[in-house]
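Take a look at the structure set out below.
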Amino acid sequence: MSDPLITLTTDFGEDSPYVAAMKGVILSINPAARLLDLSHEIPPQDIPHAAWFMAGALPWFPTGTLHVVVVDPGVGTARELLYIECCGQRILAPDNGCWTWLDQTKKPLVRRLRERQWWLPAISATFHGRDILSPVAAHLSLGIEPARLGPKTTRWIRLEREAPFCQPGRVLGRVVFIDRFGNLITNIPADAVGQPPDVLTVGAHRVADFRWVRTYGEARRGEVVALIGSTDHLEVAVVEGSAAALFAAKIGTAISVSWTPGTGRKRSSG
Amino acid sequence: MSDPLITLTTDFGEDSPYVAAMKGVILSINPAARLLDLSHEIPPQDIPHAAWFMAGALPWFPTGTLHVVVVDPGVGTARELLYIECCGQRILAPDNGCWTWLDQTKKPLVRRLRERQWWLPAISATFHGRDILSPVAAHLSLGIEPARLGPKTTRWIRLEREAPFCQPGRVLGRVVFIDRFGNLITNIPADAVGQPPDVLTVGAHRVADFRWVRTYGEARRGEVVALIGSTDHLEVAVVEGSAAALFAAKIGTAISVSWTPGTGRKRSSG
Amino acid sequence: MSDPLITLTTDFGEDSPYVAAMKGVILSINPAARLLDLSHEIPPQDIPHAAWFMAGALPWFPTGTLHVVVVDPGVGTARELLYIECCGQRILAPDNGCWTWLDQTKKPLVRRLRERQWWLPAISATFHGRDILSPVAAHLSLGIEPARLGPKTTRWIRLEREAPFCQPGRVLGRVVFIDRFGNLITNIPADAVGQPPDVLTVGAHRVADFRWVRTYGEARRGEVVALIGSTDHLEVAVVEGSAAALFAAKIGTAISVSWTPGTGRKRSSG
């Protein structure tokens, strides 16, 4: 039995007809498909952002959900298109590493899309999301066996993920996402932080007067706070303000936390 | 019998994985849920905007539709989360007043979300939309009784709504929304206007040459028009232009209309 | 038998309650309607953009799909509202030409919406998308005969579409769309190009060192490329950059390609 749910994630933006064309192709093959937009505002051709997005969003979906992801700077070149089973999800995406930040504790199953019978009859050189990934998704949602899409492979592009640098008493990471509230989400995981740090740096700024909190609302308007956010990583925020604006921070800006031996800042809830 | 339709309204924007995570959580509990995006572009943490949006949009839905609203600056603090039945709609939202501009002629029924059995097992401090509101919505869409979510309450935050100031011959209000066309939508209701006014002010501008119209297209390109808009409130517009740009108007800008005794401007359709 | 699928395309943007109100109206009449957003980011009142969007997106949908399109600067004036059957699709839209770039090889069937029994009881002067088009779409999705909406007509607004200017050895066209990647999509169709051109101009820029490619990834980062894009028209792009930014190009910017007799630039794949 097949589930007709198909999610869509692209970098096409909302004003172009590209996403609409994909939806039309899918529904033309499986009129019962249930289409669900995840985001079409992945920054153009930004594979690390797509990887971060997928790692944060896809694991929340039911086992076996089918996701189509089109962030594809290499469209039309020799790069492969893949069918992937990873951490319980099914993904159709270009072979550019965008899916490789998902948990791979259980070995992924990956196939190359090679069987043209599941594609549109005419394939453009610049829009494989419409011409290959969409029809393949529609056929999968109708219940065809993934084995019929193409051969298994154990070779695929892996996207490097910079780990934070841990020294005794100090962890140095980077901003990996800035959300709409100006919160700086870092690549420093909760378990690298442990005890609330004494010192916070954001880029060239040494932030003397930040507060370590459990949630944004525990400090006063305008205060700089640091916390473990909803993705289980260190975040830096300004209450009812924008940390991104205050520190002129960008994706990639260095952030560090450190501890002075023998001291130990109290948690605000402590 | 339960309806699987669930609408989503947030201030998360389109480029973050937060909305997608909520969708995944809902579908993991009720795979048959029908998800409908209303808007994810509520300005960040802007509760009055959310209130205005909800008052304008929700009453159009079928009786009993379930709406999840996440504009939640107080996430993780002591603020409550609520289940609300109001003007025929069912709403899950933080207790910050965002729903209180809906018509309350018929007394709302409100419950506090307290029963953790309907929440995710692990609750983050910063994302209750994902960890509490989404799973509760999914369970409601499966048909559980609202009484099982938590106790009734008659206490909740009410969001103040500035009424226009009415004098003889003059009504003074404010811009409450600026739409994408630059139209200025005010808090001055149709029945406070009645006869077409003679004088219009927008901020510090006395607009001598405006036209009172029934619809935008009744005046020439570039003309300033005033009218009763689709939400039954006074609007100021520039035909095929932007009133917001012309008057440098913002949310909160004062707008007044007045009548010179004994005169009486003709309606353009008159 | 009727299909409950209804697509929505508007210029309302994502932050207003207008789209949400339309969805509520449709679902109030047909709770089983399947709503599918195509775009709400058509530039405000930009009928040519809407026409370009519809021509690019709608033909991909299954035969008989119902599309509601609201880009309506003339709302509330004497302009008609139409039910259209064109190139296999069913469209509800204002009579402003927005649908007339769809293929009309097979003669369209067009009706004027006149029968008020399918409209909301109260009709605002400024929001016919909510008050007329949405309820009519809902009733159509329930299976009413189009003949009951109003009388057939053979008169409607046709939107002029500027054709490229073809001389021996030269084709002169314009930018009709700039996508999120900064690619310049022109009105020059593939069959007007044929052999790869020798010379490219974008606005006042004579681009000496462009490459003619099959797809973006065939050139190096930063290179200017020209190609036949996924809509079968000439595109100008900068690999991993923005042609729009490089040439300060806008919608309407002139673009030409020409051929020096007896030469003949090699395709990069040649």
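Sequence lines set the chain letters: A, B, ... in the order given, protein chains first and strands last, and positions in each chain run from 1.
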Minimum side-chain heavy-atom gap A:L36-B:L35 below 4.5 Å: yes
Taking every non-hydrogen atom, the tightest pair across [X] and [Y]:
X: A:G56; Y: B:P17; value: C-CB, 4.4 Å
X: A:F53; Y: B:A20; value: CZ-CB, 4.0 Å
X: B:A33; Y: A:R34; value: O-NH2, 2.8 Å
X: A:R180; Y: B:P43; value: NH2-CA, 4.1 Å

Chain B contact via A:E240 - which portion, at a heavy-atom distance below 4.5 Å: both
Side chain, backbone, both or neither of A:L58 within contact of chain B (heavy atoms, under 4.5 Å): neither
So, does [X] use its side chain to make a donor-acceptor pair with the main chain of [Y] at under 3.5 Å?
X: B:S124; Y: A:G229; answer: no
X: A:T215; Y: B:T77; answer: no
X: B:R130; Y: A:S230; answer: yes
X: B:K23; Y: A:D37; answer: yes

Over 12 foreign heavy atoms within 6.0 Å of CZ, A:R221: no
Surrounding CD of B:Q117 (heavy atoms of other residues, nucleotides or ligands, distance under 6.0 Å), is the total greater than 12?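 Atom CD in B:Q117 is packed in, count exceeds 12.
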Using 0.5 Å steps for rounding, measure from the [atom1] atom of [X] to the [atom2] atom of [Y].
X: A:E41; Y: B:H40; atom1: CD; atom2: NE2; result: 12.0 Å
X: B:T126; Y: A:E218; atom1: OG1; atom2: CD; result: 11.0 Å
X: A:L38; Y: B:S16; atom1: CG; atom2: OG; result: 11.0 Å
X: A:F177; Y: B:D15; atom1: CZ; atom2: CG; result: 4.5 Å

Derivation of the side chain to side chain contact (heavy atoms under 4.5 Å, CB included) call for B:L27 and A:T65: CA-CA 10 Å; B:L27 290 166; A:T65 302; over 6 Å; no
Does any backbone or side-chain atom of [X] lie under 4.5 Å from a heavy atom of chain A? Answer side chain, backbone, both or neither.
X: B:V25; result: both
X: B:Y18; result: side chain
X: B:A122; result: neither

